[in-house]
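Report on one structure; see the data block that follows.
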Amino acid sequence: MHGFFHANRCRSRHVHSSSSLLFLRWERMGDPQTKLNRKASRSLLRPERGTNKKNPSTISDAEVVRWNMAISEHMRRGRCDLALHHFQTMPRRTSVSWNAMISGYLMNDRFDLARQFFDRTPDRDIVSWNVMLGGYVRNRNLSAARALFDRMPKKDVVSWNTMLSGYAQGGYVEEAREVFDRMPDKNSISWNGILSAYIQNGRIESARQLFDSKSDWETVSWNSMMAGYLRKKRLVDARYLFDRMPERDEVSWNTMITGYAQNGELLEAQKLFEDSPVRDVFTWTAMVSGYVQNGMLMEARRIFDEMSDKNSVSWNAMIAGYSQSRKMDLARELFDAMPCRNISSWNTMITGYAQNGEIDRAWSLFNEMPRRDSISWAAIIAGYAQSGHSEEALRLFIEMKRDGERMNRSTFTCCLSTCADIAALELGKQVHGRLVKAGYETGCYVGNALLAMYCKCGSIDEAYNVFIEMPDKDVVTWNTMITGYAKHGYGREALEVFESMKKTGIGPDDVTMVGVLSACSHTGLVDKGTEYFYSMEREYGITTKAQHYTCMIDLLGRAGRLEDAQLLMKKMPFEPDGATWGALLGASRIHGDTKLGEASAKRIFELEPDNSGMYVLLSNLYASSGRWNDVGKMRLIMRDRGVRKVPGYSWIEVQNKVHTFSVGDSVHPDKDKIYGFLEELDLKMKRDGYVSSTKMVLHDVEEEEKEQMLKYHSEKLAVAFGILTIPPGRPIRVIKNLRVCEDCHSAIKHISMIVKRLIILRDSNRFHHFNNGNCSCGDYW
DNA sequence: GTAGGGTTAG
């Protein structure tokens, strides 16, 4: 089934222009699952065909019950096909049979089929309605749930409770409250529903008030309240409740023990654990995972070994513990020894291997496992994406569709962030379309991923559209937008977003301030930046970290205030790291201060001897002040120390195809056209007064061929190819893995004027929007 | 068919 992969999976990560990847025509690939659906619903239209020959009226009720139970059982085991077969061949159906099909499909994540059965159910009882309502609620489609709810001919307390918990879980506390106030009769589930609506949405004080207003709470609600305090790390309040609650069940004990364990109070946890009257699997597992989460693997293992009847969850917790502490061989030992592996065990191992850089092992486990779920796919895809194999990751998405696995929120999130990594905008847009179709466009995680995708693909306007339409924005949302604007050189827009963020009541965090400061830095807003820097502790209660100092040194340095930058560096309460010195080195390059540049570079080489970018930066600095001997020396030093320059390459997406160029590329099929076009451009540029500078040659070219080769830097090739292939009026989006060199930067400025096109270049540091001879970075990068 | 506690993915 996965042979498609085996052949190609070891290819280098270097995207090759002629490779046949990313020809992603999602729509045209056909969805086997959808075909199956259609087939199923067609045969449903002739339900009596092939049914039992017996006269339906002679079938006993008991026999119908047996059929119904068989349907439920098959559904529970994930065998929708067998359940459907039973349903179609059973001699007589009751509403229970229909309901079993509906709830079974919902259980197996086949929402569309559930809805079809619901629509066809001949006489729907209130349970059918409630099951369907629950389906919408679990799918987080609250507007549809509400529409169904309002259409219900009759509602009982279950209907009301379902709607209530839907709103609660979706974060709509006010709506939940309204439902609660309107419901004609309330049971203990309703009361607990509104209580946990508050708790789950972080409104612990409202919960406490409600809890104090009434005395006859059930144990479940006591437990909820306790868990609420624990989530807020209010261990004392939780313990107070625990000590005076009228009745404690095993959940109460387990909640309290887990609370202590997860907050590092292992001694208290251990004490309660010993006092606990009933120790079930939960109790034991809570202890194991408590020790695991605090890195106490020996203790975890001791408890684990003492457990008499371990279930798969406890095994998985222990395995996760080993893999989180990079002890993959111990994890594997347990995995091999465990009696009944479930899908989570496989997923845990795959995640472990993937996160410990053993992607090949992750891959072979993924192929060995008997059944895969969306988590398995997400784990392996994230593994490839995070280890830099973006194309493999995207290829797996296609494979996942073939396998019939449905995209869910997390696979969408994962897919979008992979698109962002390689700046596959067209693909990202297609995924966006599918996301909307699947009804997942709401939700913070996936929304943030979408936003980041548009930002990183260079489509900042579309990013903003996504941003304003996101119904619930969290800190990450705001930070992504601010940083996005900053990287595109839109400092003022970034600061505007920051100002509106402050009005929402979502407090900025340290990441926000990094975004804000770098917005100021990339736009040259020195005073504004200084003001934010010195007021962040006082005004927003954010502790100033080393990163903020680095931003500030960058800001001052770029603006030419090199002495102030050095002064601040001396004053900062942290030991400067490579990034801090790097900011100073970058500033020295812009302002041609060779002496300061050398001094900074020296410190960087001590701190990060393998950072090839810094050697290149220093060489460029020497070159720009004509110190060619030193440039030569740098090259020798790099060779002696074995520092390898990362080869520079650029890529561009044209009609869903990614084309990659490296310097002096001679493999692209259109190379003659591209080179000819570049020559032509070169003549026009020279007429414009452009002089090719040989400053940045170390970048990726050998010295002898300096001038000749510079014309063929990878970004120039990609830009030329884009102009030739992308219809006029559309921007040309190029991505480069290193910083853009000065010569290319000034050449592309000229090109943008000559061909009258908008050229957007993402380099390793930021975005450059070239338009009409200017760049959005203001030559500041 | 609707509540509370343990493992895996983002």
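Chain naming here is simple, since letters A, B, ... match the order of the sequence lines and numbering starts at 1 in each. Reckoned from all heavy atoms, side chains included, excluding hydrogens, waters and symmetry mates.
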When you measure from the side chain of A:W217 to the backbone N and O of A:F211, does any donor-acceptor pair fall under 3.5 Å?
-> yes
Output the single nucleotide from [options] whose closest atom is nearest the side chain of [X].
| X | options | answer |
| --- | --- | --- |
| A:Q169 | B:dA9, B:dA3, B:dT7 | B:dA3 |
| A:V251 | B:dG6, B:dG4, B:dT8 | B:dG4 |
| A:V220 | B:dT2, B:dA9, B:dG4 | B:dG4 |
| A:N223 | B:dG4, B:dT7, B:dA9 | B:dG4 |
| A:A382 | B:dG4, B:dA9, B:dG6 | B:dA9 |
| A:N347 | B:dT8, B:dA9, B:dG4 | B:dT8 |
| A:T258 | B:dT8, B:dA3, B:dG6 | B:dG6 |
| A:A378 | B:dA3, B:dG6, B:dA9 | B:dA9 |
| A:E250 | B:dT7, B:dT8, B:dG5 | B:dG5 |
| A:V281 | B:dG6, B:dT2, B:dG5 | B:dG6 |

Rounded to the Å, how far apart are [X] [atom1] and [N] [atom2]?
| X | N | atom1 | atom2 | value |
| --- | --- | --- | --- | --- |
| A:R231 | B:dG5 | CZ | C1' | 11 Å |
| A:L230 | B:dG5 | CG | C1' | 10 Å |
| A:I343 | B:dT8 | CD1 | C1' | 10 Å |
| A:W222 | B:dA3 | CH2 | P | 23 Å |
| A:M152 | B:dT2 | CE | C1' | 12 Å |
| A:N254 | B:dT7 | CG | C1' | 15 Å |
| A:K186 | B:dT2 | NZ | P | 21 Å |
| A:W315 | B:dT8 | CH2 | P | 17 Å |

Check the phosphate of [N] against [X], side-chain N and O only, distance under 4.0 Å to OP1 or OP2. Yes or no?
| X | N | answer |
| --- | --- | --- |
| A:Q262 | B:dG5 | no |
| A:Q293 | B:dT7 | yes |
| A:Q324 | B:dT8 | yes |

[X] near the nucleic acid: base, sugar-phosphate alone, or nothing, with a heavy-atom cut-off under 4.0 Å?
| X | result |
| --- | --- |
| A:N99 | nothing |
| A:A286 | nothing |
| A:D156 | base |
| A:V131 | sugar-phosphate |
| A:S188 | base |

Test for a donor-acceptor pair under 3.5 Å between the base of [N] and the side chain of [X], counting only N and O atoms.
| X | N | answer |
| --- | --- | --- |
| A:T162 | B:dT2 | no |
| A:D249 | B:dG4 | yes |
| A:D280 | B:dG6 | no |

Could you check if a side-chain atom of [X] sits within less than 4.5 angstrom of a side-chain atom of [Y], using non-hydrogen atoms only?
| X | Y | answer |
| --- | --- | --- |
| A:W284 | A:F273 | yes |
| A:E274 | A:Q270 | yes |
| A:M328 | A:M349 | yes |

Under 6.0 Å between ring centres: does that hold for A:W315 and A:F335?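 Distance test on ring centres: not under 6.0 Å, no.
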| message | Stacking between B:dG6 and A:F282, yes or no? Criterion: centroid separation under 5.5 angstrom, plane angle under 30 degrees. | response | no
- Message: Does the structure show A:W377 stacking with B:dA9, if we require the centres to be closer than 5.5 Å and the planes to be within less than 30 degrees of parallel?
- Response: no
Does the pair A:K214/A:D216 count as a salt bridge with the N-to-O cut at 4.0 Å?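 Yes.
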Q | Ring geometry between A:Y105 and A:F117 (parallel below 30°, tilted from 30 to 60°, perpendicular above 60°) | A | tilted
